[in-house]
Amino acid sequence: MDTNLKFDISQLLARPIFRSAKLVAGREGMHRPVGWVHVLEITNVAPYVSPNDLILTTGLWLKQNEQDRFAYMKQLIDQHAAGLCIEMGTSVDAIPKEIVELADLHHFPLIVFEQPVRYVEITQDIHALLINRQHQFLKELEVYSRKLQRLTIESTGIAQILRAFHEQTGRQVLYFSSLDHSSIFYPALTAKASSPISSFLQRQMDARALSAKDVSVLTMNTQQLLVVQPVICFGQTFSYVGILLHNTPEITESLTLLLDYTTKAVAAITLRTEFLEEKLSRDHNEFILDIMNNRIENEDQAQARMGLRQLSKGEYLFAGGIIEIQHTADTEPITIEADKQDLLILVRQLLKKHRLNSLVMMQNNRICMLCSKEALHKDSQANLQATLQRLVEELRESANESHASSLKLYAGFGKLRAQISESSRSYEEAQQVIDVARNVAAYVGCIFYDQLGVYQLLKAVPKLSFLTSYVEDHLGALMAYDREHHLQLIETLDVYLACMGSKQETATRLNIHRQTLYNRLDKLAILLGEDFLETDKRRCLEMALMAYKLK
């Protein structure tokens with residue numbers, strides 16, 4: 001397929017109907033594309049001229065004064081018209097020198113017909129040419145689209161799509177994975193030839209120079225352009241498809257359309273591959289259940305089962321985690337199931353993106369996972385937690401973009417451990433993190449068990465009835481008073497203790513007058529006793545307040 005649908009001034013002058021035409025100015029603008037042709041004899045042309053329009057006139061505007069003539073030409077130039085054709089002998093016999101100089105200055109083609117010509121024949125000729133070219137391209141694009149559909153059905157190989165793209169354009173094409181940074185070139189290139197291209201694209205991706213949704217045009221050097229488009233699935237960029245152009249030609253609409261069709265075909269194959277991987281993940285489900293139920297007897301076998309290589313030195317860090325999916329009450333069941341599958345696939349892709357060894361399983365409305373990373377230095381634990389934090393943020397961001405307010409995600413990870421066999425407790429810890437984040441506003445952003453502080457102890461209490469009784473013993477009088485008088489004594493006590501007894505700060509945080517606070521503090525002293533700020537009693541009250549928030 002000829003991907004260059006561009007029709008410019010040089011090709012225009014080669015048409016038979018322009019045999020008698022003469023280019024008198026703007027020779028440097030011979031490359032200007034011609035998108036349409038029409039006749040304009042009025043002087044206020046700006047509202048009626050679009051970029052790449054070729055304007056035909058008899059030169060009536062040249063009979064205006066010098067200032068108006070300049071204004072007419074400037075309008076055409078500023079509107080990025082393709083050029084101007086003037087018929088000599090009908091209205092004018094010569095073109096002023098200053099008009100020629102202005103056209104040359106702006107590389108604006110000025111074409112004259114020294115003999116009468118029928119402008120209707122010019123418009124018919126050029127319009128027929130442009131329309132036929134576009135029609136032919138659309139026919140060939142339809143054939144290409146069907147070919148891509150057939151290839152996506154017959155194979156899961158991306159190389160076949162790249163080959164079809166190359167055959168369609170005759171250009172060097174490439175595929176670059178943003179997950180594992182691997183590259184595929186078609187036709188194949190030597191390592192010496194492909195390495196600079198891959199490295200360049202990697203640097204551009206690291207520098208966030210690539211568009212997240214649209215085509216990016218990257219200048220590799222004075223002789224080469226790299227045009228790439230992201231492959232997007234579930235709101236995440238999985239990879240890029242690109243084409244290498246030499247001698248910096250103009251990026252045409254036809255080329256970007258072909259690239260867009262190709263990218264969507266690669267996205268379809270990527271999605272299908274992910275669903276195939278989903279079918280192969282049943283053994284992961286069994287493995288995670290074995291871990292949860294503490295059925296791991298041999299650590300070496302367990303690590304081999306997870307696909308981990310034996311380390312000559314150092315160890316692995318393992319993080320057991322849960323992503324809990326909560327839909328609104330009015331969400332349709334079919335939508336819930338579709339969302340769960342989409343999020344499961346997205347979690348797998350994000351784990352790959354962040355280069356984490358992992359097992360993933362969907363269990364009701366929870367995605368359970370076990371992530372591992374080599375512990376290479378003293379910062380490995382902090383680095384792994386930072387990676388998991390980014391993963392959760394990206395997951396929530398994608399969910400917010402795709403599902404708005406229809407669902408909410410909670411995430412929790414247990415303590416990092418050095419062995420798979422020790423990880424069974426991690427899932428209980430992860431669920432405790434989610435429970436605290438759901439009920440305690442101060443911990444809404446917490447996703448790690450070792451950041452729960454005293455809530456680790458509170459969640460470890462085996463019987464909920466004990467915590468309920470404990471809260472009632474220490475806060476029961478305040479709770480009863482609040483129910484009857486709506487005085488917010490529980491909140492006042494919580495903020496007062498958090499402010500270390502500072503009345504001014506407490507009043508500010510509660511947004512109440514100082515005298516109102518004094519009245520509440522007097523009531524607290526009556527209900528709790530004057531000694532409620534003494535160390536032992538204060539500790540009991542603080543624990544009771546924390547347990548109260550878990551109710």
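Counting heavy-atom neighbours within 6.0 Å of H377 NE2, excluding the residue itself, gives a total above 12. Within 6.0 Å of CD in Q504 there are 12 or fewer heavy atoms belonging to other residues, nucleotides or ligands.
Rounding to the nearest 0.5 angstrom, the gap separating the CG atom in L391 from the CZ atom in R396 is 11.0 Å.
Applying the side chain to side chain donor-acceptor pair (under 3.5 Å) rule to S423 yields no partners; only residues at least two apart in sequence or on another chain are considered. By the side-chain contact (heavy atoms from CB on, under 4.5 Å) test, S358 pairs with L351, V360, sequence neighbours left out. Residues satisfying the side-chain contact (heavy atoms from CB on, under 4.5 Å) test with D330, not counting sequence neighbours, are T328. By the side-chain contact (heavy atoms from CB on, under 4.5 Å) test, E315 pairs with A375, A418, sequence neighbours left out. Qualifying side chain to side chain donor-acceptor pair (under 3.5 Å) partners for Q431, counting only residues two or more places apart in sequence or in other chains: E324, R366, D435. Listed by chain and number, the residues in a side chain to side chain donor-acceptor pair (under 3.5 Å) with K415 amount to none (sequence neighbours excluded). Every residue was checked against the salt bridge (Lys or Arg N to Asp or Glu O under 4.0 Å) condition with R520, not counting sequence neighbours, and none meets it. Remark: R483 engages no residue in a salt bridge (Lys or Arg N to Asp or Glu O under 4.0 Å) (not counting sequence neighbours). Applying the side-chain contact (heavy atoms from CB on, under 4.5 Å) test to D290 and every residue at least two apart in sequence or in another chain returns E286, R295, I296, R305. Not counting sequence neighbours, K503 has no partner by the salt bridge (Lys or Arg N to Asp or Glu O under 4.0 Å) test. Partners of K373 by salt bridge (Lys or Arg N to Asp or Glu O under 4.0 Å), not counting sequence neighbours: none found. Under the rule for a side chain to side chain donor-acceptor pair (under 3.5 Å), T263 has no partner lying at least two apart in sequence or in another chain.
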Does N365 form a side-chain contact (heavy atoms from CB on, under 4.5 Å) with I336? I'd like the steps, not just the answer.
CA-CA 9 Å; N365 68 324; I336 293 175; over 6 Å; no
Could you give me the CA-CA distance, side-chain angles and deciding distance for L452 and C446, then say whether side-chain contact (heavy atoms from CB on, under 4.5 Å) is met?
CA-CA 8 Å; L452 286 185; C446 177; 3.9 Å; yes
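With L174 as the partner, the side chain to side chain contact (heavy atoms under 4.5 Å, CB included) test is satisfied by one option alone out of L162, I243, L201, V241: L201.
Salt bridge status for E542 with R539: absent, with no side-chain N to carboxylate O gap under 4.0 Å.
Between the side chains of E299 and Q303, at least one donor-acceptor pair of N or O atoms lies under 3.5 Å. Y449 and S426 share no donor-acceptor pair across their side chains, judged by distance under 3.5 Å alone.
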